[in-house]
Peer 1: 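Structure below; questions to follow.
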Amino acid sequence: MTAVQELLLSRIRDVADYPEPGVMFKDITPLLADPEAFTALTDALADIAVRSGATKIVGLEARGFILGAPVAVRSGLGFIPVRKAGKLPGATLSQAYDLEYGSAEIEVHAEDLSAGDRVLVIDDVLATGGTAEASLQLIRRAGAEVAGLAILMELGFLGGRQRLEPALSGAVLEALITV
């Protein structure tokens, strides 16, 4: 494990039985509150953005906004928020996807992505991969290319990586920490 990985992991707090009994929630707010750790995280994700050849960063609601925006600034790239349905004004593209119990929908402004864009998706956690997979579909429907997916923490036991491999079509999936 690298020093950066150790620093990041040391600032992630386990919260037992949240949001329901039997779940161990990984809380990143202590990491965000620590300027050294947040800077190290931003630098590591910005390095992935540069190596992937991204021209834009997509952040997934809501913690992907917190992580993706400073990465976009650090990398000199545009930032595009992917929101839950009904949160963006104007013309949007939407993508529905299945959750464990039900379904959800995400949206992006139609004009924010176009042919020629190489998009790196950033989020805090990769769990089952449903939201990430929907974002990749949305990016491609907008005419842009997927440069990859960069995640702070992958919950390997939930199988999100295996679910996403076909949808990535060879694009990179990098997790800074896997638990």
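We number each residue from 1, following the sequence as shown.
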Peer 1: For residues Ile12 and Val179: do they belong to one hydrophobic cluster (side chain heavy atoms under 4.5 Å, members Ile, Leu, Val, Met, Phe, Trp, Tyr)?
Peer 2: yes
Peer 1: Tell me whether the count of non-hydrogen atoms from other residues, nucleotides or ligands lying under 6.0 Å of OH in Tyr18 goes above 12.
Peer 2: no
Peer 1: Could you pull out the closest heavy-atom pair between Ala49 and Ile57, with the gap in Å?
Peer 2: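 Reported closest heavy-atom pair: CB-CD1, 3.9 Å.
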Peer 1: Is Phe79 reachable from Ile139 through a run of I, L, V, M, F, W or Y residues, each pair having side-chain heavy atoms under 4.5 Å apart?
Peer 2: no
Peer 1: Return the CG to OG distance between Leu149 and Ser135, rounded to the nearest 0.5 Å.
Peer 2: 6.5 Å
Peer 1: Heavy atoms only: give me the nearest Thr29-Arg13 pair and the separation to one decimal.
Peer 2: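 Scanning both residues completely, I find the closest heavy atoms to be OG1-NH2, 4.1 Å.
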Peer 1: Determine the minimum heavy-atom distance between Arg11 and Ala37, stating which atoms define it.
Peer 2: CG-CB, 3.8 Å
Peer 1: With salt bridge (charged side-chain N to carboxylate O under 4.0 Å, His left out) as the test, pick out the partner of Arg161 among Glu174, Glu133, Glu154.
Peer 2: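 Answer to the salt bridge (charged side-chain N to carboxylate O under 4.0 Å, His left out) test with Arg161 among Glu174, Glu133, Glu154: Glu154.
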Peer 1: Kindly work out whether a path of hydrophobic side-chain contacts (I/L/V/M/F/W/Y, heavy atoms less than 4.5 Å apart) joins Ile66 to Met153.
Peer 2: yes
Peer 1: What's the shortest heavy-atom distance between Ala134 and Gln95, and which atoms?
Peer 2: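 Shortest heavy-atom separation between Ala134 and Gln95 comes out as O-CG, 3.5 Å.
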Peer 1: Might you point out which heavy atoms bring Glu111 and Ala91 nearest each other, and give the distance in Å?
Peer 2: OE1-O, 4.0 Å
Peer 1: Between Glu61 and Lys87, is there a side-chain N and carboxylate O pair less than 4.0 Å apart?
Peer 2: no
Peer 1: Please check if Leu60 and Val146 belong to a single hydrophobic cluster, counting links between Ile, Leu, Val, Met, Phe, Trp and Tyr side chain heavy atoms closer than 4.5 Å.
Peer 2: yes
Peer 1: Of Leu67, Leu9, Leu8, which is the lone residue that meets side-chain contact (heavy atoms from CB on, under 4.5 Å) with Leu31?
Peer 2: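 That would be Leu8.
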Peer 1: What's the spacing between Thr42 OG1 and Asp47 CG if we round to 0.5 Å?
Peer 2: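 Between Thr42 OG1 and Asp47 CG, I get 12.5 Å after rounding to 0.5 Å.
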Peer 1: Say whether, by atom type as modelled, one donor and one acceptor occur between the side chain of His109 and the main chain of Pro89 under 3.5 angstrom.
Peer 2: yes
Peer 1: Run Leu113 and Leu93 through side-chain contact (heavy atoms from CB on, under 4.5 Å) and show every step you take.
Peer 2: CA-CA 10 Å; Leu113 294 171; Leu93 288 174; over 6 Å; no
Peer 1: Without swapping roles, check the side chain of Ser10 against the backbone of Leu7 for a donor-acceptor pair under 3.5 Å.
Peer 2: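 Checked: pair present.
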Peer 1: If you group Ile, Leu, Val, Met, Phe, Trp and Tyr by side-chain heavy-atom gaps below 4.5 Å, do Val172 and Leu126 land in one group?
Peer 2: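 Different clusters.
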Peer 1: Within the side chain of Asp17, is there an N or O that forms a donor-acceptor pair under 3.5 Å with the backbone of Gly22?
Peer 2: yes
Peer 1: Please check: side-chain N/O of Asp117 versus main-chain N/O of Val119, any donor-acceptor pairing under 3.5 Å?
Peer 2: no
Peer 1: To the nearest 0.5 Å, how far apart are CZ in Phe65 and CG in Asp123?
Peer 2: 9.5 Å
Peer 1: Minimum heavy-atom separation for Thr55 and Leu77, please, with both atom names.
Peer 2: O-CD2, 3.6 Å
Peer 1: Look up atom CD1 in Ile122 and atom CD1 in Ile80, then write down how far apart they are to the nearest 0.5 Å.
Peer 2: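 Reported to 0.5 Å precision, the distance equals 12.5 Å.
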Peer 1: Using a strict cut-off of less than 4.0 Å between a Lys/Arg side-chain nitrogen and an Asp/Glu carboxylate oxygen, indicate whether Arg118 and Glu145 qualify as a salt bridge.
Peer 2: yes
Peer 1: Go through the steps for Leu41 and Leu152 under the test side-chain contact (heavy atoms from CB on, under 4.5 Å), then give the verdict.
Peer 2: CA-CA 8 Å; Leu41 172 58; Leu152 164 58; 3.7 Å; yes
